[in-house]
Amino acid sequence: MVVSGSQQALDIVTRVLLDPGDAAWMEEPCYPLMRSLLIGSGCRAIPVPVDEEGLDVMAGMRLAPDARAAFVTPSHHYALGVTMSASRRFQLLEWSRQASSWIVEDDYDSEYRFDTMPIPSLQGLDPCDRVLYIGTFSKVLRPSLRLGYIVIPADLVDRFVAVRFSMDIFPSYLFQEALTDFMHDGHFARHIRRMRALYKSRRTALVECLRAEFGDFLQIHGSEAGMHLTVTLPPSFKAGALSDVAIATRAAQDKLWLWPLSPCYTNGKPREGFILGFGNTPEDQMPNAVRRLRQLLSA
Ligand SMILES: Cc1ncc(COP(=O)(O)O)c(C=O)c1O
């Protein structure tokens with residue numbers, strides 16, 4: 001089903017699969033608009049910790065074994081950039097089968113994987129039709145296109161169509177037709193190949209600048225895929241009591257866009273840090289941007 005971006009996909013999935021009061025796992029930390037959506041729909045959003053293997057499925061089973069759904073970003077976790085391990089993928093699929101629950105796979109930027117081969121989606125590994133797969137053209141083309149899609153298990157299609165048609169029916173045909181031609185003529189595949197090489201060199205430049213400027217002070221996460229990486233501040237960091245949110249606000253005054261990490265957490269003890277997009281920063285601008293970040297942190 002073609003939808004207006006993954007945000008609308010998440011909204012439709014929530015409307016079809018969940019009733020107010022239902023428990024749903026979400027990642028901790030998570031994409032903040034995912035959390036708002038679950039809360040807005042009256043569901044019980046259960047934050048399940050993410051570690052270096054991705055969502056901690058056992059923790060989810062302890063917290064809410066009977067949740068109706070789990071919302072995950074397994075290719076490149078938002079916000080920490082972790083790729084979910086194979087064993088966690090199988091654990092999650094096994095839980096959804098046993099609990100008759102759904103997995104919502106938000107694959108918002110899987111087209112760009114720099115150092116390893118693409119990894120199979122959860123949806124591709126699932127023999128039981130328990131996974132709804134969400135993709136988007138926002139990262140690979142542009143967010144203002146508002147084009148995304150959901151791969152829906154066959155027996156749910158009618159319910160999705162009913163909800164979809166009660167919303168805005170479909171995104172502009174003009175954009176869909178143009179994108180179809182773009183794909184058929186081979187431009188899309190070429191674009192991805194070209195941008196993968198470009199983003200890889202921007203990613204490498206950013207990592208090198210961060211290492212040169214900060215050494216081990218900042219921990220770098222999730223740089224192997226996507227269009228952002230995340231840096232975390234050491235727990236001892238105080239910076240005159242400025243939070244990551246306050247630092248990001250100051251940086252924005254200089255047109256340095258840092259997304260603070262702590263608002264991605266729901267529970268008491270957020271990690272502080274920054275989500276750094278490198279997609280639109282040319283390599284020769286990286287050193288200045290990173291130097292500015294260091295100045296802000298040591299101010
Ligand atoms: C994890 C995640 N899910 C969903 C979205 C929404 O994307 P879209 O523009 O396709 O609605 C984003 C946007 O950045 C995202 O990071």
Side-chain angles (χ1 to χ4, degrees), residues 1-48 50 54-55 60 64 67-82 84 92-93 96 101-111 121-124 126 129-153 156-171 176 226-228 259 263-266 275:
M1 171 173 282
V2 176
V3 294
S4 304
S6 32
Q7 190 63 31
Q8 188 182 45
L10 292 167
D11 186 8
I12 299 176
V13 165
T14 305
R15 289 176 197 229
V16 172
L17 300 183
L18 302 178
D19 292 317
D22 280 349
W25 295 358
M26 55 170 212
E27 296 164 320
E28 169 79 336
C30 85
Y31 181 55
L33 292 180
M34 178 64 242
R35 182 177 50 217
S36 324
L37 215 157
L38 281 178
I39 292 168
S41 60
C43 296
R44 282 187 297 127
I46 311 289
V48 177
V50 168
L55 186 88
R68 290 285 296 144
F71 290 79
V72 286
T73 51
S75 299
H76 189 223
H77 169 253
Y78 193 96
L80 293 176
V82 185
M84 190 186 278
L92 186 60
L93 289 168
S96 75
S101 302
W102 301 102
I103 298 171
V104 185
E105 179 171 23
D106 178 1
D107 213 7
Y108 64 103
D109 72 356
S110 64
E111 290 82 358
S121 63
L122 277 169
Q123 197 262 353
D126 169 28
D129 265 1
R130 307 298 313 175
V131 180
L132 292 101
Y133 177 93
I134 296 175
T136 179
F137 294 96
S138 287
K139 302 277 179 183
V140 276
L141 292 174
R142 52 179 56 230
S144 53
L145 260 184
R146 306 313 304 144
L147 276 177
Y149 51 92
I150 321 176
V151 182
I152 303 167
L156 289 180
V157 167
D158 288 346
R159 285 166 61 194
F160 270 80
V161 169
V163 170
R164 179 77 185 92
F165 274 31
S166 72
M167 297 170 83
D168 61 353
I169 306 187
F170 45 70
Q176 294 189 55
M227 294 164 71
H228 71 263
W259 300 106
C264 297
Y265 285 82
T266 306
I275 299 162

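Quick note: numbers below take in every heavy atom, side chains included, and nothing from hydrogens, waters or symmetry partners. This is a predicted model, so every value here is computed, not measured.
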- Item | Approximate separation, where rounding is to 0.5 Å, of L156 CG and L17 CG | 6.5 Å

- Please name all residues satisfying side-chain contact (heavy atoms from CB on, under 4.5 Å) with S36, sequence neighbours left out, ordered by chain then number. L33

Side-chain polar contacts of residues 140-150 - donor-acceptor pairs under 3.5 angstrom, sequence neighbours left out - could you list them?
{"from": "R146", "atom 1": "NH1", "to": "P143", "atom 2": "O", "distance (Å)": "3.0"}
{"from": "R146", "atom 1": "NH2", "to": "S4", "atom 2": "O", "distance (Å)": "3.3"}

- Task: Kindly indicate whether the side chain of P29, heavy atoms from C-beta on, has any atom under 4.5 Å from the side chain of H77.
- Result: yes

- Task: Could you tell me which non-hydrogen atom of V82 sits nearest to which non-hydrogen atom of G54, and how far apart they are?
- Result: CG1-N, 3.5 Å

- Item | Contacts of H76 that satisfy side-chain hydrogen bond (donor to acceptor under 3.5 Å, both in side chains) - sequence neighbours left out | D109

- Note on the structure: In this structure, SG of C43 is separated from CG of D19 (nearest 0.5 Å) by 8.0 Å

- Query: By salt bridge (Lys or Arg N to Asp or Glu O under 4.0 Å), which residues pair with R164, not counting sequence neighbours?
  - Reply: D168

- Message: Quick check against the 3.5 Å criterion: does H228 have a side-chain atom that pairs as donor or acceptor with the backbone of G81?
- Response: no

- Message: Donor-acceptor pair, distance only, cut-off 3.5 Å: does the side chain of R44 make one with the backbone of G21?
- Response: yes

- Task: State whether the side chain of R159 and the backbone N or O of V16 hold a donor-acceptor pair below 3.5 Å, judged by distance alone.
- Result: yes

- Task: Under the side-chain hydrogen bond (donor to acceptor under 3.5 Å, both in side chains) rule, collect the residues that match up with S110, sequence neighbours excluded.
- Result: D107

- Please list all pairs passing the ring-ring contact (aromatic ring centres under 6.0 Å, His included) test where one or both residues lie in residues 13-45, with sequence neighbours left out. W25-W95, Y31-Y78

- Who passes ring pair (Phe, Tyr, Trp, His ring centres under 6.0 Å) against Y133, sequence neighbours left out? none

- Any side-chain heavy atom of V13 within less than 4.5 Å of one from F160? yes

- Item | Pairing residues for S121 by the side-chain hydrogen bond (donor to acceptor under 3.5 Å, both in side chains) criterion, not counting sequence neighbours | none

- Qualifying residues under side-chain contact (heavy atoms from CB on, under 4.5 Å), relative to R130, sequence neighbours excluded: S96, S100, W102, D126, C128

- Look up atom CE in M34 and atom CE in M26, then write down how far apart they are to the nearest 0.5 Å. 8.5 Å

- Nearest atoms (heavy-atom pairs only) where S6 meets D106: CB-OD1, 4.2 Å

- Message: Nearest 0.5 angstrom please: F71 CZ to L10 CG, how far?
- Response: 6.5 Å

- Task: To the nearest 0.5 angstrom, please state how far the CG atom of L38 sits from the SG atom of C30.
- Result: 8.0 Å

- Message: Any non-hydrogen side-chain atom of C264 less than 4.5 Å from a side-chain atom of I275?
- Response: yes

- Message: List the residues meeting salt bridge (Lys or Arg N to Asp or Glu O under 4.0 Å) with R15, not counting sequence neighbours, and say none if there are none.
- Response: D11

- Is S101 reaching over with its side chain to a backbone N or O of A67, donor-acceptor style, under 3.5 angstrom? yes

- Query: Does some side-chain heavy atom of V161 sit less than 4.5 Å from a side-chain heavy atom of M1?
  - Reply: yes

- Task: Using modelled atom types only, decide if a donor and an acceptor are shared between the side chain of E27 and the backbone of L55 within a distance under 3.5 Å.
- Result: no

- Answer whether the closest heavy-atom distance between the side chains of T14 and V104 falls below 4.5 Å. no

- Item | Rounded distance [0.5 Å steps], CD in E28 versus CG in L80 | 10.0 Å

